[in-house]
Amino acid sequence: MTTAYIGQPIPRIDGRAKVTGDAKYAYEHSVPDLAYGFVVSSSIARGNIRQIDTTAALQLPGELRVLTHENTPRVAPKGEVVDDAKSPGVPFIPLQSDEVLFSHQPIALVVAESFELARYAASLVRVEYEAHDHTTDLGAVMDHAYGPPPRSELLPTLKSRGNAEKALAACATQIEFECRLPAEHHNPMEPFATTVVWEGDGKLTVHDKTQGVQNVQGYLCSLFGYSTDDVRVLSPFVGGAFGAGLRPQYQAFLAVLAVRALKRSVKVSLTRQQMFSLHYRPLAWQRVALAAAPDGKLAAIVHEAITGTSRFEDYNEQIVAPWSGMLYQCDNVSLGYKVAKLDLNTPGDMRAPGAAWGLYALECAMDELAVKLRMDPVELRLKNYAERDQNEHRAFSSKSLRECYRLGAERFGWSRRTPDPRSMREGEALIGLGMATGAWDAFQVPGSARCVLNADGTATVSSATEDIGTGTYTVMTQIAADTLGLPIDRVTFTLGDSSLPLAPLEGGSFTVASVGPAVKAVCEKVRERVFTLARKVENSPLAGVSLEDVTFADGRVRLRSDPSRAVAFTDAMRAGGLTAIDEETSTEASPRRKDASCYSHSAVFAEVHVDEDLGTIQVHRVVSAVAAGRVMNPRTARSQVMGGIVWGIGMALEEESVIDQAFGRFMNHSFGEYHVVVNADAHDIDVIFVEEQDEIVNPLGAKGLGEIGVVGVAAAIANAIFHATGKRVSDLPITLDKLM
Ligand code: MOS
């Protein structure tokens, strides 16, 4: 395979459009005769709507409509709701009954001639409720937790082995780590918004903020009985989503509802406050117990977790499995995971769902064990390094975690660490150095792509995938240009359109691994056709040679043994009388994956400075060494991991969606009160890639980088804070009040 572009730090292809404002987001599309919707949210967490009085609202000027459960038809004619990211249970669809299932549930949509008018009218809607008791406190319902039905066959099942309780009882050295973790919200910069264009003939063009145009298309079709020809969903640019856009969000449904009622185009955006009524990382409780022999060999791992879910769905994530049975060599492992019902909206996937929480607990516990054993934390991990996946009794497709530990420690200067807590200082500051391991799945799911090579030597490659800021445009263009053998500026990649070839949701860090192979395969098909034509041109220097004898580069088919003998694509196509070569192809998960465990890994090192008097914590430095297969583009790759690290800093120190139990509501639903990391909180961040040659994981050898960056960061910081202060704060976020 030629690799003129893969592996190169190609700048983002969509970068210019984004910084100049040419890139249009879902809410920015304007059409004539557009109406504006504003959502009315419930003020109670559980109960029924007795009455909605819209009289005052409807007296405002212009066409005005208030859609409520009283004037909205029941949807989902066939009963089934399509949503590739749904949880087991019955999905919440707005305005279908008088029932209130969570605080800030959408209970009406006001549609008016302007956004301001709609918002004002919404404030005039009067709602009377019959409120019922609610529970939003995970601690209060943990006794009622139960094992949830599995969510997806992609996700691992719990596998215990040996006898962990017995091994614990027999071991002199053991530790226990327990933590309570808050809900967290995704908070992408672009709010969830949808502009639905009424095409007149009953068809809809839907500009939506989503991580899956075809998922939204399927969702709307299943709810309203449309055929896929009737609904085209577009989402070429997404201002961040982080998992919040995997499931179709309710403003899309409401906007379509309004279009159908008014027979005109409608746009609906959620406010920042309303964004807190969407999905979130679940509230969690975890307990990890570890036992080890005096030499550090793990004798037992026990990991239990309970996360909150809604009344109506069993959201569950890979919080203990596979990580706690896979990361370290240990013959006695006991894993348990349950969910408990709360009167909140269903939680959802948020960057590294499961691993971000689960490895926080496991890696803090490993740190505690290292302290108890008086052993270096890196040493302890190397002592228990899993060469094989003990969960599944099979080898890893590749695993360079050992290299991550070594290179990360070296870059970070781990050797200067003195083992005792409170033993390192700089003036007023207590210095702490901590580390942790990260891991994430290297999934591959089915994908497809189309390639059109034009007679002028340009190509358009497409797939209904997304670029949620991850670099999909850029990396897919690199793959296509390399495979076709065209200069990169002659190749255009299009995405974010439901009419393009079938693609999975943009999630799970699997886009490059799933769509990339389809792009590669379809470009191979096209170049084979070019080759066939090139052999047939008059006096072809390639007559009689076979595909293995040629290369594709600079828009030419060249003889490998004598590169001066070549045929230009344009000449081949002209000779063949073709104006375009057009192919489409689908790919499935590589068969070789069946016998291997496929994961990316990381070693994260953090240095914190803690003010002894004030308890303020500064994350002075983070070094993350990541092994995620082949790095397709060091620039976008680094940016992915850096973003994850920044998020990990927030997870450790700041992010928390605070629930007022009396109201059953997230209270800090604004950027003023929900703290995310800002520039002043992020200091020196260093990303190292340990490249892996992996021919098993997928044809490109890339494992994906969207999520691995965040995993392990909070644990590394928590461990550094313990090292600095000698105090273990296990509940996140680690704020100064907990530390003092
Ligand atoms: Mo990711 S949480 O699958 O967008």
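When a ligand or atom number is given, it counts from 1 through the structure's own listing order. For reference, positions follow the sequence shown, starting with 1.
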Is there a donor-acceptor contact under 3.5 Å linking the side chains of Asn668 and Glu656? no
In chain-and-number order, ligand 1 lies under 4.0 Å from a heavy atom of each of Gln211, Phe242, Gly243, Leu246, Asp349, Met350, Arg351, Pro353, Gly507, Gly508, Glu707
Ser657-Glu184 side chain donor-acceptor pair, cut-off 3.5 Å | no
May I ask you to establish whether Lys267 and Tyr27 are in a cation-pi arrangement, using a distance under 6.0 Å from NZ or CZ to the six-membered ring centre and at most 45° from the ring axis? yes
Between the side chains of Ser277 and Tyr250, does any donor sit under 3.5 Å from an acceptor? yes
_Under 6.0 Å from the ring centre and within 45 degrees of the ring axis: does the NZ or CZ of Lys338 meet both conditions for the six-membered ring of Tyr146?_
no
Checklist line | Modelled atom types, side-chain donor and acceptor of Ser324 and His303, under 3.5 Å | finding: yes
